[in-house]
Amino acid sequence: MTTALLVAFVLAVFRISVPYVLAAVGGTLSERAGVVALGLEGMLLTGAFCAAVGAEAGGPAVGALAGAMGGAGVGVILAACVVYGRADGVVVGVAINLIALGGTRVAMQYVWQSASSSPTIPGLSGGWAGAAGLAALAVSGVAAAALTRTAWGLRVRAVGEHPAAATSLGIDVAQLRFGAVALSGALAGLGGAWLALDNHGFVDRMSGGRGYIALAAVIMGRWHPGFAALAAVCFAATEAAQLQLQAVVSGGAREFIQMLPYLLTLVALAGVLGRSRPPAALGRNV
Amino acid sequence: MFGRQAIAVGVVVNLLLLAAGLGRPSAEVASDRVRVGLVFDVGGLGDKSFNDAAHIGLVRAEETLDAQISTVEPGDGSDRESALRQLAAAGNDLVIGVGFIFTDDIRRIAGEFPDVKFACVDFSVGPGDPPPPPNLLGLRFREEEGSFLVGAAAGLASKTGKVGFIGGMMIPLIQKFEAGYVDGVRAVCPTCEVSIAYAGTEPKAFADPTTGKELALAQYGRGADVIFHASGKTGAGVFVAAREKGKMAIGVDADQFHEAPCCVLTSMVKDVDVAVYDTVLAVATDKFKGGLSEFGVKEGGVRYVFDDRNAAMWPDGARERVEALSAEIAAGLRTVPTVPQ
């Protein structure tokens with residue numbers, strides 16, 4: 001019996017962690033390049049919406065692609081405002097999240113005549129949870145390798161630490177930041193696509209704050225894609241534990257367990273897990 | 001860099017949108033068509049249960065009674081009050097709020113618009129509350145009775161002796177479902193285990209299918225083979241889990257068989273659509289009366305579904321037992337608890 005429970009728990013963690021991990025990896029890339037990744041929530045939500053529309057039209061694969069593209073599109077808008085418009089990344093990120101919230105409702109009304117839910121769409125069955133979870137972790141490994149071992153990764157990090165020095169060496173700061181943010185959008189969009197495909201439908205405000213928790217994971221992971229992914233899995237694990245434990249405990253203990261993911265966030269951000277230093281030029285426009 | 005021009009453009013665009021919204025002519029030529037406005041509960045349209053049932057009733061009123069209907073799906077808490085107010089001020093004859101959560105707002109707005117009639121589905125009444133104003137009709141259902149019957153069905157149909165309950169928001173209304181369900185399970189299977197889980201403590205717990213699916217998978221993983229959900233749109237996730245695992249589920253508020261044709265044992269139907277239609281009819285024929293209306297098994301306002309689609313999932317003799325229990329409740333021989341024991 002306990003092995004069955006453990007297997008169920010692990011599968012649940014995999015399933016829940018996909019959007020957190022992908023958004024956290026995307027957030028790391030964006031922040032390492034010097035752009036604050038507060039728009040992750042909007043990218044997740046837009047990705048989920050686009051995936052639902054795409055899946056309805058052409059199946060889960062088209063949905064996943066549409067989700068990534070939708071997220072990338074949001075990333076492009078954020079990047080344009082921050083990099084070329086020199087707007088404050090925090091303000092633009094919050095604005096993006098608000099626009100995504102309202103925009104998806106308006107779009108839903110047109111597409112499905114309901115501002116709250118989509119009809120059931122062809123999605124992915126639960127059997128995909130393990131594969132998706134492992135794939136997300138693999139993405140984080142690739143991102144970590146790309147950041148530390150490739151020339152592109154070096155340039156991205158340079159741009160996030162000291163853009164003036166990077167410019168003096170002939171690196172196009174704007175272009176690199178643009179690319180990093182668009183990529184972060186694509187990853188977060190893919191995470192959102194998983195949400196919609198796993199749920200077989202899009203629901204208003206489906207991202208549920210996951211983008212903000214992914215940002216907390218980025219900070220907890222000290223801006224390293226691999227550790228950020230691990231932190232994201234920790235958050236997913238507390239959420240999975242909370243859901244599984246509800247059946248076992250009752251009363252006040254249940255509320256305490258529901259609080260665990262957020263408690264973990266606070267603990268992590270309070271620096272209990274060691275001090276972390278953000279990229280030096282994070283949030284500063286050149 | 002974009003600076004002041006951008007801000008100016010933004011302000012102008014916002015003012016234009018505002019003007020467009022306000023300037024729309026609110027009431028068309030006063031005709032003898034009854035005008036009805038309806039505001040949905042959390043989860044909105046497409047929840048395949050509570051809100052959709054209300055919508056069905058409203059659409060039937062539009063088709064049969066030639067009513068002019070308008071609906072609003074609120075996004076957030078504060079939207080609800082402004083939606084009610086907007087519909088009341090727009091010249092509607094009847095404004096309906098669907099869900100217990102409208103109770104306080106609709107009381108207040110009914111007081112402000114004494115010439116408009118209001119109705120609230122699942123209107124909640126506390127021990128010290130005054131009666132509703134004469135232009136407000138509170139529609140209440142004895143969900144614990146219907147939940148009792150589906151609990152009995154679950155207890156009889158379960159092969160593992162374990163069943164589950166997944167509620168949406170943890171509030172007294174949903175605890176009525178829980179209390180009735182557990183009582184029903186125990187009435188036919190005293191040794192059965194019932195797992196209880198709630199998706200959350202805020203209204204959005206009624207619109208969270210992802211959590212519903214996780215909770216259902218957790219309960220099925222523990223051995224439950226029938227899960228009754230009382231969680232609105234969150235239940236969509238329960239059905240996804242039921243389909244994946246091939247285990248049984250019980251729907252709520254509407255016949256949810258089509259959600260998982262393999263696996264829906266029955267549904268606890270709450271005739272919200274009938275209540276909405278009847279209220280519109282009353283307003284259209286000038287027979288509207290404020291106050292409180294209650295519907296239970298006796299009045300036929302809550303019932304369980306048994307037809308040739310799900311009959312195969314019911315064990316032999318189960319139907320007869322549930323019918324007998326239903327008759328007991330209707331005759332007043334059995335009272336179902338409204339609070340979990």
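Values below: every heavy atom of this structure, side chains too, minus hydrogens, waters and symmetry copies. Letters A, B, ... mirror the listed sequences (proteins, then strands); counts begin at 1.
- Here B:Glu214 pairs with A:Arg15 in a salt bridge; the nearest charged N to carboxylate O distance falls below 4.0 Å.
- With a threshold of 4.5 angstrom between heavy atoms, B:Glu73 approaches chain A through its backbone and through its side chain.
- Proximity to chain B is limited to the backbone of A:Gln113, based on heavy atoms less than 4.5 angstrom apart.
- Residue with the most contacts toward chain B among A:Gly102, A:Ser118, A:Ala115: A:Ala115 (heavy-atom pairs, distance under 4.5 Å).
- Neither the backbone nor the side chain of B:Asn51 comes within less than 4.5 Å of any heavy atom of chain A.
- Side-chain atoms of B:Lys233 and A:Ser117 form a donor-acceptor pair, as typed in the model, at a separation below 3.5 Å.
- Only the backbone of B:Pro74 comes within less than 4.5 Å of a heavy atom of chain A; no side-chain atom from C-beta onward does.
- The contact between B:Lys48 and chain A is made entirely by side chain atoms (from C-beta outward), counting heavy-atom distances below 4.5 Å.
- Of the inter-residue distances, the one linking B:Leu45 atom CG with A:Gln109 atom CD reads 8.0 Å to the nearest 0.5 angstrom.
- Of the two parts of A:Leu11, neither the backbone nor the side chain holds a non-hydrogen atom closer than 4.5 Å to a non-hydrogen atom of chain B.
- Looking at B:Thr71, there are no atoms closer than 4.5 Å to chain A (heavy atoms on both sides), in backbone or side chain.
- B:Gly43 approaches A:Ser116 most closely through the heavy-atom pair O-CB, 3.1 Å.
- Considering every non-hydrogen atom in both B:Val240 and A:Asn199, the closest pair reads CG2-O, 4.3 Å.
- Atom OG1 of B:Thr210 sits about 5.5 Å away from atom CZ of A:Arg210, to the nearest 0.5 Å.
- For chain B, no part of A:Ala8 is nearby; none of its heavy atoms comes within less than 4.5 Å.
- At least one side-chain heavy atom of B:Lys213 sits under 4.5 Å from a side-chain heavy atom of A:Asp198.
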